[in-house]
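Note: hydrogens, waters and symmetry copies are ignored here, and every other heavy atom, side chains too, is used. These figures come from a predicted structure and were not determined experimentally.
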Amino acid sequence: MLFEMAKYPKFRARRIRKSASIRRLVQECRLDITDLIWPIFVGAGKGVAEPVSLMPGVNRVSIDLAVRLVKDAAARGIQGIAIFPATDESKKSSGCEEAWNPYNLANTATRAIKDAVPDVSIMLDVALDPYNIHGHDGIVQNGKVLNDETLECLKHQALSHAEAGADILGPSDMMDGRIGVIRTVLEEHGHKDTLILSYAAKYASAFYGPFRDAVRSAGALEGDKKTYQMDTANSNEALRMVQRDLSEGADMIMVKPGLLCLDICRRIKESFGVPTFTYQVSGEYAMIVAASSVGAIERSDAVIESLVAFKRAGCDGILTYFAIEVADQIT
């Protein structure tokens with residue numbers, strides 16, 4: 001502190017807590033609708049809304065319904081969405097070629113949504129797990145996830161997403177060198193304004209299970225992802241990964257998972273001062289929903305508290321499945 005605090009009774013901390021209006025005046029962190037990015041799961045068909053069993057309240061939706069949902073989200077003030085495809089098993093392969101098919105679910109949904117709601121920013125994931133018969137984020141050979149061979153695939157995938165109209169690419173694969181490769185191919189093909197939101201600090205977390213179920217990669221996954229995602233015990237490593245990705249051309253940084261990594265969010269923001277995002281991941285969503293469903297916590301209060309924690313840690317934006325209900329709460 002730069003000054004000596006007055007002592008009780010001259011100083012009464014409760015004075016600035018005495019009413020809602022006073023608390024609002026002195027509030028240090030504010031949650032705004034524009035802080036939220038809404039992740040949606042897109043599947044095949046038309047008029048299809050299929051519940052994700054491990055994420056009550058979340059559906060896999062066909063593209064026509066996704067367009068309607070995004071229109072509704074935009075009307076509520078949400079300005080960003082992230083599209084994740086639930087690829088049919090028949091289109092998966094060991095070479096993951098569907099990842100850069102111009103007409104795959106992610107690219108087709110992007111074009112349809114951009115046509116209908118052009119002002120909404122669309123983020124697409126750059127990783128191979130939705131397209132891989134092995135369930136991994138990279139090419140697998142003899143049980144090993146190959147780094148350099150995967151980069152070639154990611155390069156093609158990223159370019160296809162940019163050509164489909166994605167505003168932001170989110171490389172979440174955690175292969176070494178991927179940001180530099182993606183930035184180079186984007187520049188070479190005239191996509192100089194396409195943003196890269198790098199999952200620089202993505203941990204090998206136990207809290208991703210419901211997401212893998214949602215994109216239909218859980219059953220295919222062989223082993224774990226600890227050879228390429230970060231050890232949950234490491235903090236300094238996260239700073240090294242952020243520095244590397246920024247040097248290769250990343251515009252923004254993602255930390256994943258969210259609530260378990262508030263310390264990482266703060267360190268990154270204080271160390272680099274770059275736009276810092278986090279993902280309130282599927283397991284975190286499922287825990288809040290489950291606890292509230294049995295009356296252990298009050299859902300709306302818990303959701304807001306969790307999101308404010310991200311803001312307090314220094315995050316500029318938050319991917320959250322609660323985006324719609326939060327938008328209704330804070331308008």
Side-chain angles (χ1 to χ4, degrees), residues 31-88 103-126 130 161 164-170 172 195 197 208 210-217 254 258 277-286 288-289 292-293 299-300 303-304 306-307 317-331:
L31 181 66
D32 190 83
I33 296 174
T34 58
D35 297 324
L36 308 177
I37 299 173
W38 186 33
I40 61 173
F41 298 108
V42 175
K46 189 172 182 179
V48 176
E50 180 185 10
V52 177
S53 61
L54 298 180
M55 300 177 69
V58 174
N59 295 320
R60 301 181 196 92
V61 296
S62 52
I63 291 173
D64 59 315
L65 294 188
V67 170
R68 291 188 212 168
L69 290 173
V70 175
K71 283 183 178 179
D72 181 64
R76 284 174 157 88
I78 293 173
Q79 299 180 6
I81 64 162
I83 299 171
F84 296 97
T87 306
D88 189 87
Y103 305 103
N104 67 22
L105 284 170
N107 289 333
T108 303
T110 297
R111 288 191 295 270
I113 291 169
K114 272 295 181 183
D115 285 344
V117 201
D119 291 335
V120 167
S121 294
I122 296 179
M123 173 184 162
L124 293 183
D125 204 47
V126 181
H161 290 343
D167 302 284
I168 304 168
L169 301 184
S172 65
L195 292 155
L197 172 55
Y208 302 152
F211 175 91
R212 292 171 185 164
D213 176 60
V215 298
R216 299 194 178 102
S217 68
M254 176 76 82
F277 290 71
T278 194
Y279 198 143
Q280 187 176 47
V281 297
S282 57
E284 294 169 342
Y285 170 87
I288 291 174
V289 172
S292 64
S293 70
R299 175 169 172 151
S300 60
V303 169
I304 294 295
S306 67
L307 298 182
I318 308 157
L319 273 77
T320 176
Y321 301 99
F322 293 115
I324 296 296
E325 64 185 87
V326 170
D328 289 339
Q329 281 184 255
I330 62 179
T331 48

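Within the 3.5 Å criterion, the main-chain N or O of Val281 finds a donor-acceptor partner in the side chain of Glu284. In terms of modelled atom types and a separation under 3.5 Å, the side chain of Thr110 and the main chain of Ala166 share no donor-acceptor contact. Checking side-chain atoms of Gln280 against main-chain N and O of Tyr321 turns up no donor-acceptor pair under 3.5 Å. Side chain of Asp32 to main chain of Asp35: no donor-acceptor pair is present (N/O by atom type, distance under 3.5 Å, no hydrogens or angles). Side-chain atoms of Ser306 come within 3.5 Å of backbone N or O of Val303 as a donor-acceptor pair. Within the 3.5 Å criterion, the main-chain N or O of Gly80 finds no donor-acceptor partner in the side chain of Ser121. Here the side chain of Asn59 pairs no donor or acceptor atom with the backbone of Val61 at under 3.5 angstrom. Side chain of Lys114 to main chain of Val120: a donor-acceptor pair is present (N/O by atom type, distance under 3.5 Å, no hydrogens or angles). A distance-only check finds no donor-acceptor pair linking the side chain of Ser292 to the backbone of Arg299 [under 3.5 Å].
Arg111 is listed as a side-chain neighbour of Tyr103, based on a closest heavy-atom distance under 4.5 Å. Side-chain contact between Pro85 and Pro130 is present, with heavy atoms from C-beta onward closer than 4.5 Å. For the pair Phe211/Phe84, a side-chain contact is recorded, criterion being any heavy-atom separation below 4.5 Å from C-beta on. At least one side-chain heavy atom of Leu197 sits less than 4.5 Å from a side-chain heavy atom of Phe277. No side-chain heavy atom of Val42 sits less than 4.5 Å from a side-chain heavy atom of Thr108. Counting only heavy atoms from C-beta outward, the side chains of Phe322 and Leu36 never approach each other to under 4.5 Å. In this structure, Trp38 and Leu69 have side chains that are in contact, with non-hydrogen atoms separated by less than 4.5 Å.
One distance of note links OG of Ser300 with CD of Glu325; it measures 8.0 Å at 0.5 Å rounding.
Minimum heavy-atom separation, Gly47 to Ser62: N-OG, 3.0 Å. Between Val67 and Ala116 the shortest heavy-atom distance is CG1-CB, 3.5 Å. Scanning both residues, Val117 and Ala74, for their nearest heavy atoms gives CG1-CB, 3.8 Å. Closest heavy-atom contact between Ala73 and Ile324: CB-CD1, 3.7 Å. In terms of heavy-atom proximity, Ala327 sits nearest to Ile33 at O-CD1, 4.0 Å. Considering all non-hydrogen atoms of both residues, Asp64 and Gly45 come closest at OD1-O, 4.2 Å.
When each of Asp125, Ile113, Ile63 is tested with Ile83 by the rule side-chain contact (heavy atoms from CB on, under 4.5 Å), just one qualifies, namely Ile113.
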The test is side chain to side chain contact (heavy atoms under 4.5 Å, CB included); show your working for Leu195 and Met123 and say whether it passes.
CA-CA 9 Å; Leu195 292 155; Met123 173 184 162; over 6 Å; no
When you look at Tyr279 and Ile37, which way does the side chain to side chain contact (heavy atoms under 4.5 Å, CB included) test go after all the steps?
CA-CA 9 Å; Tyr279 198 143; Ile37 299 173; over 6 Å; no
Quick one: do Leu307 and Thr320 satisfy side chain to side chain contact (heavy atoms under 4.5 Å, CB included)? Show the steps, please.
CA-CA 9 Å; Leu307 298 182; Thr320 176; 4.1 Å; yes
Before giving the answer on side chain to side chain contact (heavy atoms under 4.5 Å, CB included), spell out for Ile304 and Leu31 the whole-Å C-alpha distance, their side-chain angles and the decisive distance to 0.1 Å.
CA-CA 8 Å; Ile304 294 295; Leu31 181 66; 4.0 Å; yes
Expected list for residues 50-58: side-chain donor-acceptor pairs under 3.5 angstrom, two or more places apart:
residue: Glu50; atom: OE1; partner: Arg60; partner atom: NH1; Å: 3.4
residue: Glu50; atom: OE1; partner: Arg216; partner atom: NH2; Å: 2.8
residue: Glu50; atom: OE2; partner: Arg60; partner atom: NH1; Å: 3.3
residue: Ser53; atom: OG; partner: Asp213; partner atom: OD2; Å: 3.4

